Amino acid sequence: VNRELDEMRDLPAETTDGHRVHLLANMGLLTDIRFAQTHGAEGIGLYRTEIPFLAYHDFPTEAQQFTLYQKVVEGMGGKPVTIRTLDIGADKYPPYVSIARSEPNPFLGWRSIRISLEVSETFKMQLRAILRAGALGPVRLLIPMISSLEEILRVKAILREVKTELVWRRVPFDDDMELGIMVEVPAAVQVVHRMVEEVDFVSIGTNDLIQYLLAVDRGNLKVASLYEPFHPAVLAALNQVIRAAKDNGKRVAMCGEMAGDPLSTLLLMGMGLEEFSMESLSIPVVRKLVRSVSYERAFAIGQEALRMDRVDEIKRYLFSEMRALG
Ligand code: PEP
Ligand code: MG
C-alpha cells in the first residue's frame with residue numbers, strides 16, 4: 001500500500017472527472033519541510049510561526065525571522081508558503097511573554113490577533129519579515145482568530161504602514177502579497193460574506209471553530225467525546241464559509257485537523273473546498289481518495305450529508321461512501 005501511495009505522490013489531486021483540488025502541508029519547524037516534500041505537498045497551507053518562536057529566549061528580531069522564513073521559502077522550492085502571524089495565548093505561550101497565563105478562560109481571552117493588535121511593534125516586525133520573505137518566492141500572509149471586520153481593517157491599515165516603511169528603507173518585498181484570514185470563530189462565519197470582500201483568501205481553522213461552535217474545549221479529555229467535526233452545526237458553518245468565498249471568487253482553504261481526515265475528504269470536496277492543508281503524513285491517503293471519485297459524486301455526497309441531522313447518521317453515510325470506493 002505504501003508503495004502505491006508513493007507512486008501517486010506526483011499525480012495531481014484530481015477527481016476522475018477532472019476537478020482539481022490542492023493538498024498542502026501544515027508545518028511548525030524547519031524539519032517539517034522535508035516531510036512536506038516527500039509526501040507530495042503542493043505547498044505550505046499553514047506555517048504556525050508561534051512554534052519556532054517558542055524556542056527563542058526573546059521575540060526573534062526582524063532579521064532572525066527573515067532568515068527563518070527564507071529557509072522555509074527556499075526549502076519549498078517555489079511552492080506557495082502560507083505564513084500565519086503569531087497565534088499565541090490560550091495553549092501556546094513563549095516563555096518570554098509574560099501574559100496572563102492565569103486567565104480564567106484563556107481560549108476566550110487575550111490570544112492571537114488580539115495580542116498582535118495591542119503589541120503592534122512586535123506585530124509590525126513580523127509583518128516586515130514576512131513581506132520581505134515574499135520577495136524570495138510565493139508567500140501568502142494569514143491572520144489568525146479574526147472575529148470582526150474591524151480587526152481585518154486594522155490589520156490592513158497596519159500592513160499599509162509597514163509597506164511604506166519598507167519602501168522607505170529600500171528593501172525588496174512583495175507588495176502584492178495575498179492576504180487571508182482564518183475563519184475559526186463563529187462570529188466570523190456569521191459575517192463571512194462581508195469579510196471575504198476584504199481579503200484574497202480564507203482558511204478554515206476547524207480545530208478552534210469546532211470548539212467555539214460546540215462549546216467544547218479542544219484540549220479537555222472530559223468532553224472529548226463531544227468534540228465532533230461531523231456535527232450538523234459544524235457542517236452547516238463550513239458550507240456557509242465555502243459558499244461565501246466562492247460567490248466572491250475568493251480561494252477557500254481549510255487548515256484544521258479535519259482537512260486531513262479521510263472521512264471528511266469527499267464531503268469537503270463536494271462542498272467546494274479547494275485547498276486542504278494537513279499534517280504531511282495524511283496527504284497520500286487524501287490524494288488517493290480524491291483521485292478515486294468523480295466530483296459529481298462528491299457533490300451529491302456533500303448535499304446528502306448536509307440534509308442529515310444526526311452525527312451517527314452522517315458518519316455512517318460517509319463511511320459507507322468511502323468504503324464503496326475501495
Ligand atoms: C485551527 O484552529 O484549526 C488551526 C489550524 O489553528 P491552531 O490549531 O493552530 O489553533
Ligand atoms: Mg486555531
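What you see is a predicted model, and the numbers here were worked out from it, not measured in a lab. All ligand and atom numbering here is 1-based and tracks the order in the structure. Numbering starts at 1 and runs along the sequence shown.
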Inset, instruction - Output the atom name for the N/O/S atom of Asp208 with the smallest distance to the Mg ion (ligand 2). - result: OD2

Inset, instruction - Provide, to 0.1 Å, the distance between atom 3 (O) of ligand 1 and the closest protein heavy atom, together with that atom's residue and name. - result: Asn207 N, 2.7 Å

Inset, instruction - Tell me, please, whether Phe66 has Arg132 positioned over its six-membered ring: NZ or CZ under 6.0 Å from the ring centre and within 45 degrees of its axis? - result: yes

Legend entry - Pick from Ile210, Asp208, Thr206: the one approaching atom 10 (O) of ligand 1 most closely through a non-hydrogen atom: Asp208

Inset, instruction - Determine yes or no for a side-chain-to-main-chain donor-acceptor pair under 3.5 angstrom, with Thr61 supplying the side chain and Gln64 the backbone. - result: yes

Legend entry - Heavy-atom gap Lys92 to ligand 1 smaller than 4.0 Å: yes

Legend entry - Nearest atoms (heavy-atom pairs only) where Lys250 meets Val199: NZ-O, 2.9 Å

Inset, instruction - Could you list the atoms of ligand 1 found under 4.0 angstrom from a heavy atom of Glu184? - result: 1 (C), 2 (O), 6 (O)

Inset, instruction - Give a yes or no answer on whether the side chain of Glu313 reaches the backbone of Met308 with a donor-acceptor pair at less than 3.5 Å. - result: no

Legend entry - Closest approach of Phe107 to Gln211 (non-hydrogen atoms, all atoms of both residues): CD2-NE2, 3.0 Å

Inset, instruction - For the residue pair Phe276 and Asp261, establish whether any side-chain heavy-atom pair is separated by less than 4.5 Å. - result: no

Legend entry - Within-shell test, Met182 vs ligand 1, heavy atom, strictly < 4.0 Å: yes

Legend entry - Check: Phe59 ring centroid to Tyr96 ring centroid under 6.0 Å: yes

Inset, instruction - Return a yes/no value for Glu257: is any of its N or O atoms, backbone included, closer than 3.5 angstrom to an N or O of ligand 1? - result: no

Legend entry - Note: Arg169-Glu62 ion pair, threshold 4.0 Å (strictly below): yes

Inset, instruction - Return yes when Met145 approaches ligand 1 closer than 4.0 angstrom through a heavy atom, no otherwise. - result: no

Inset, instruction - Please identify which atoms of ligand 1 are closer than 4.0 Å to at least one heavy atom of Asp87. - result: 9 (O), 10 (O)

Legend entry - Carboxylate-amine/guanidinium contact Arg251 Asp200, below 4.0 Å: no

Inset, instruction - Grab the two heavy atoms, one from Asp174 and one from Val139, that are nearest each other, plus how far apart they are. - result: OD2-O, 4.4 Å

Legend entry - Numbering as shown, the atoms of ligand 1 that approach Gly205 to under 4.0 Å (heavy-atom distance): 1 (C), 2 (O), 3 (O)

Inset, instruction - Using a 4.0 Å heavy-atom cut-off, say whether Met258 meets ligand 1 through its side chain, its backbone, both or neither. - result: neither

Legend entry - Heavy-atom nearest neighbour in the protein, as seen from atom 7 (P) of ligand 1, with distance rounded to 0.1 Å: Arg48 NH2, 3.6 Å

Inset, instruction - Among all protein heavy atoms, pick out the one at the shortest distance from atom 6 (O) of ligand 1; state its residue, atom name and that distance to 0.1 Å. - result: Arg84 NH1, 3.0 Å

Legend entry - For atom 5 (C) of ligand 1, the protein heavy atom that lies nearest, with its residue and separation: Cys255 O, 3.4 Å

Inset, instruction - Just give me the atom name: the N, O or S atom of Glu184 closest to the Mg ion (ligand 2). - result: OE1

Inset, instruction - Would you mind running through ligand 1 and noting each atom that sits below 4.0 Å from a heavy atom of Leu46? - result: 5 (C)

Legend entry - Residue Asp87, metal the Mg ion (ligand 2), N/O/S under 2.8 Å: no

Legend entry - Glu304 bridged to Arg307 by N-O distance under 4.0 Å: yes

